[in-house]
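So the structure is just underneath, and the comments pick up after that.
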Amino acid sequence: MKKVAVIPGDGIGPEVIGATLEVLKKVAPGQFEFQSVAMGGNAIDKYGEPLPAESLRICQEADATLLGAVGGPKWDNQPPDNRPERGLLGVRKGLKVFANIRPAKIFAPLASACPLRKDIAEKGIDFIIVRELTGGIYFGKHEAFKTPEGERAARDVMEYSEHEIRRIAHVAFKMAMGRRKIVTSIDKANILTVSRLWREIVEEVAKEYPEVTLNHLYVDNASMQLIRVPSEFDVIVTENTFGDILSDEASQIVGSIGMIPSASLGDNNRGLYEPIHGSAPDIAGQDKANPIGTILCGAMMLRWSFGMTEEADRIECAVDEVLKAGLRTGDIFTEGTKLITGSGMKDEIIARL
Ligand code: IPM
Ligand code: MG
């Protein structure tokens with residue numbers, strides 16, 4: 001029995017997680033023990049804090065953790081260190097999952113949902129963003145203070161140490177070895193000292209992978225090249241904040257943020273799996289949310305944490321089939337396709353397993 005901690009979260013989180021659990025139960029009946037865990041806004045409401053110790057403990061003891069999304073306007077007035085997002089960062093840090101893998105691949109039937117020019121999209125888009133997940137500004141010191149003149153000021157510290165850069169670089173190069181053997185490291189080395197260290201370490205690690213071509217791009221240029229020549233990217237490696245921003249950009253290139261899963265891994269294979277989208281409070285409870293990103297997280301979990309390749313393939317094929325059949329949730333709807341609900345999408349995927 002594989003123990004999976006499940007964090008439904010807030011907003012559309014419970015909807016997309018519910019859909020995913022149904023898919024997992026269908027594809028591998030009786031193989032999982034799911035334990036639901038409170039984290040995010042719902043945990044603040046119930047326990048006064050976004051990540052109760054018991055929640056983190058359950059995740060740490062599970063074989064893998066599946067997460068929907070957290071946050072929403074209801075908790076906007078929480079003090080900064082008691083926001084739902086703090087819970088999310090606490091889970092990432094507590095599980096020590098420093099490598100967040102975000103695949104950006106255009107599903108052929110969704111080519112029309114790609115906003116890029118046809119000749120650009122047709123060259124194929126299939127890259128992976130390896131985002132450092134437990135360091136950088138996200139985990140640096142955050143401070144609001146007063147200047148000696150009495151003005152309000154604030155600072156957030158970006159800090160990386162050598163081992164944090166080295167281990168994420170290894171993840172990227174290893175991934176590249178199983179792909180087209182190109183790593184693009186993205187930084188802001190023309191301005192940031194952290195980025196200069198980043199570049200130095202990535203170059204050292206590159207020496208251990210002589211078959212892989214390493215390119216460096218400044219993050220501003222990278223955001224431009226991603227829409228100009230997306231087909232040229234294979235594996236992108238970058239620090240936490242840049243990875244956050246660029247993966248949202250990537251999601252639009254491949255159609256919708258509702259389509260992209262992610263796997264966060266550490267030194268063992270007890271991963272954390274979460275779609276890259278947020279809790280979308282504007283559509284929560286309306287059965288409009290696209291569950292595909294989370295369902296594909298389920299497939300990633302089977303593949304990477306449990307070695308269940310065949311079952312993972314079946315889920316991915318079913319998603320492909322549904323898209324080929326022209327069925328679409330609102331976020332990927334284009335003229336000539338058929339609009340269905342989030343639960344309708346889940347049912348159609350299950351029917352094709
Ligand atoms: C993501 C999200 C989170 C992040 C938010 C919700 C804190 O945007 O997973 O990309 O910034 O990491
Ligand atoms: Mg993000």
Side-chain angles (χ1 to χ4, degrees), residues 7-14 16-17 20 39-44 49-51 55-56 59 65-76 78-104 128-140 142 156 158 160 164 168 186 219 222-223 226 236-254 256-266 271-284 289-290 292-294 296-297 300-301 331:
I7 304 176
D10 312 313
I12 61 168
V16 294
I17 283 289
T20 303
M39 193 277 280
N42 59 89
I44 297 175
E49 51 180 334
L51 179 61
S55 293
L56 180 59
C59 297
T65 301
L66 195 60
L67 190 159
V70 296
K74 183 174 174 199
W75 303 282
D76 273 350
Q78 285 287 325
D81 51 8
N82 209 53
R83 288 181 59 98
E85 292 81 0
R86 275 298 143 129
L88 177 59
L89 299 198
V91 170
R92 291 173 177 172
K93 194 79 170 180
L95 291 176
K96 302 195 175 95
V97 285
F98 59 86
N100 180 223
I101 320 288
R102 302 189 157 186
I128 286 187
I129 297 180
V130 177
R131 168 189 178 193
E132 200 292 325
L133 200 64
T134 53
I137 307 182
Y138 275 65
F139 293 91
H142 307 288
D156 299 277
M158 183 196 265
Y160 271 104
E164 293 177 292
I168 190 80
I186 294 176
V219 62
S223 68
L226 269 176
I236 286 172
V237 63
T238 192
E239 65 88 41
N240 208 340
T241 309
F242 297 161
D244 176 46
I245 297 168
L246 293 175
S247 58
D248 271 29
E249 184 186 6
S251 76
Q252 289 310 294
I253 297 175
V254 299
S256 159
I257 196 161
M259 294 291 300
I260 303 199
S262 88
S264 305
L265 305 169
L272 165 68
Y273 298 85
E274 50 171 316
I276 80 159
H277 63 67
S279 60
D282 53 323
I283 57 163
N290 184 353
I292 292 180
T294 315
L296 292 175
C297 284
M300 278 181 118
M301 176 179 83
D331 58 320

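Each ligand, and each atom within it, is numbered from 1 in the order the structure gives.
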Are the side chain of N240 and the backbone of G135 linked by a donor-acceptor contact shorter than 3.5 Å?
-> yes
Heavy-atom contact under 4.0 Å between R102 and ligand 1?
-> yes
Close approach of R131 to ligand 1, heavy atoms, under 4.0 angstrom = yes
Distance-only polar pair, side chains of D10 and S279, donor-acceptor under 3.5 Å | no
Starting from atom 7 (C) of ligand 1, locate the nearest protein heavy atom and write down its residue, its atom name and how far away it is, to 0.1 Å.
-> E85 CG, 3.7 Å
Side chain to side chain contact (heavy atoms under 4.5 Å, CB included), paired with V91, selected from V70, I7, V97 | I7
Check: R92/T134 side-chain N/O donor and acceptor closer than 3.5 Å | no
In the protein, what heavy atom is nearest to atom 6 (C) of ligand 1, and what distance, to one decimal place, separates them?
-> L88 CD2, 3.9 Å
Using a 4.0 Å heavy-atom cut-off, say whether R83 meets ligand 1 through its side chain, its backbone, both or neither.
-> neither
Geometric cation-pi criterion, R131 with Y138: 6.0 Å, 45° | yes
Hey, which N, O or S atom on D244 ends up closest to the Mg ion (ligand 2)?
-> OD1
Can you tell me the protein heavy atom closest to atom 4 (C) of ligand 1 and the distance?
-> Y138 OH, 3.4 Å
Which residue supplies the protein heavy atom nearest to atom 8 (O) of ligand 1, what is that atom called, and how far is it?
-> D244 OD1, 3.2 Å
Assess whether atom NZ of K93 is packed by more than 12 heavy atoms of other residues, nucleotides or ligands within 6.0 Å.
-> yes
